[in-house]
Enquirer: 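Just passing along the structure, written as structure tokens.
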Amino acid sequence: MAKIISIINQKGGVGKSTIAFNLSVGLYKEGKKILLIDLDSQCSITQTSKADTQKPTIYEVLVGETKISDAIQSMQEAKIISGSSSLANIDVVLSGTGKEYRLKENLASIKDNYDFIIIDTPPSLSIASINALTASKYMLVPALADAYSLAGVGQLYQTFKAVKTYCNLDLEIIGIVLNRVTPQTILTRDMTAMAKDLASQIGTKVLDSVLREYSAIKEAQALRTNIFDYAPKHNATKDYKNFIKEFNQIIGE
Ligand SMILES: Nc1ncnc2c1ncn2[C@@H]1O[C@H](COP(=O)(O)OP(=O)(O)O)[C@@H](O)[C@H]1O
Ligand SMILES: [Mg+2]
């Protein structure tokens, strides 16, 4: 049965989509069966993975217009259910009792086919994000080593507690992964200490592996590919390999 993980932070630009995509590809390259779900109306992953935008998306699945098995597409790296700009209206469209459970219910029929289901979430705490957390066993929180980014993690923790109380007792925070880090500055050192404090206050940890700031990440995205194929020997790829190793250690292979 698949381990289901939401990559979540209501702040935009912290690296959710980049991490969801490259984590999925990295695990796929280890021979794992992966399903990646793009729950963001901005559809970053749908674009990077060159998914067919004519196919049904996760939006049609959530509103009950399509069977989930009909929305799964094969891409070069793993399988994907693409996102849709209609997800921007999902809070209006999904209403009524049980609206938090739509994704979980849909995943029930297919989760045995995968080792990991990785969900990229929007930069908001909308019903799409609540569906992601309700369906997940784990959440992973990308954050930048800056004060505003870390402040947002406190708000996210309130949402985590609410979902855990009302919708999903099993939900766990894997940890905070610091992204776009510029090492060897005093600011980074201070902010890393602050992130560790914050993590312990909310009962989790900052991952030992950090993802440093490298333009290779953006270059790979511009070419709509992943960091492993774009620059196999680059430090950005080494960072992702270390991160995936730690990820596997935390959630158990
Ligand atoms: N390690 C990194 N080094 C350099 N740029 C990065 C790195 N990780 C992400 N980015 C860039 O940061 C921007 C935001 O990343 P993205 O994954 O779209 O964030 P989110 O999904 O949280 O909004 C993108 O332009 C992406 O290319
Ligand atoms: Mg994104």
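None of these values were measured; they are calculated from a predicted model. Atoms within a ligand are numbered from 1 in the order they appear, just like the ligands themselves.
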Enquirer: Hey, are Asp170 and Lys137 close enough for a salt bridge, meaning a charged N less than 4.0 Å from a carboxylate O?
Expert: no

Enquirer: When the side chains of residues 93-101 are checked against the rest of the protein, which donor-acceptor pairs come out under 3.5 Å, sequence neighbours left out?
Expert:
residue: Tyr101; atom: OH; partner: Tyr166; partner atom: O; Å: 3.4

Enquirer: Take atom CZ of Phe228 as the centre, draw a 6.0 Å sphere, and report whether it contains more than 12 heavy atoms from other residues, nucleotides or ligands.
Expert: yes

Enquirer: Would you mind reporting whether Ile130 and Thr159 have side-chain heavy atoms less than 4.5 Å apart?
Expert: yes

Enquirer: According to side chain to side chain donor-acceptor pair (under 3.5 Å), who are the partners of Arg224, at least two apart in sequence or on a separate chain?
Expert: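 Result, side chain to side chain donor-acceptor pair (under 3.5 Å) vs Arg224: none returned.
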
Enquirer: So which residues, sorted by chain and number, lie with a heavy atom under 4.0 Å of ligand 1?
Expert: Gly12, Gly13, Val14, Gly15, Lys16, Ser17, Thr18, Asn179, Arg180, Arg212, Glu213, Tyr214, Ile217, Lys218, Gln221

Enquirer: Between Asp229 and Asn226, is any side-chain donor less than 3.5 angstrom from a side-chain acceptor?
Expert: yes

Enquirer: One thing to verify: whether Glu246 and Lys205 come together as a salt bridge, which I'm taking to mean a side-chain N less than 4.0 angstrom from a carboxylate O.
Expert: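 Salt bridge: yes.
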
Enquirer: Check the Mg ion (ligand 2) and write out every protein N, O or S atom at under 2.8 Å, as residue and atom.
Expert: Ser17 OG

Enquirer: Mind checking whether Phe243 and Tyr240 have parallel, tilted or perpendicular rings, split at 30° and 60°?
Expert: perpendicular

Enquirer: Would you mind reporting whether Leu23 and Ile118 have side-chain heavy atoms less than 4.5 Å apart?
Expert: yes

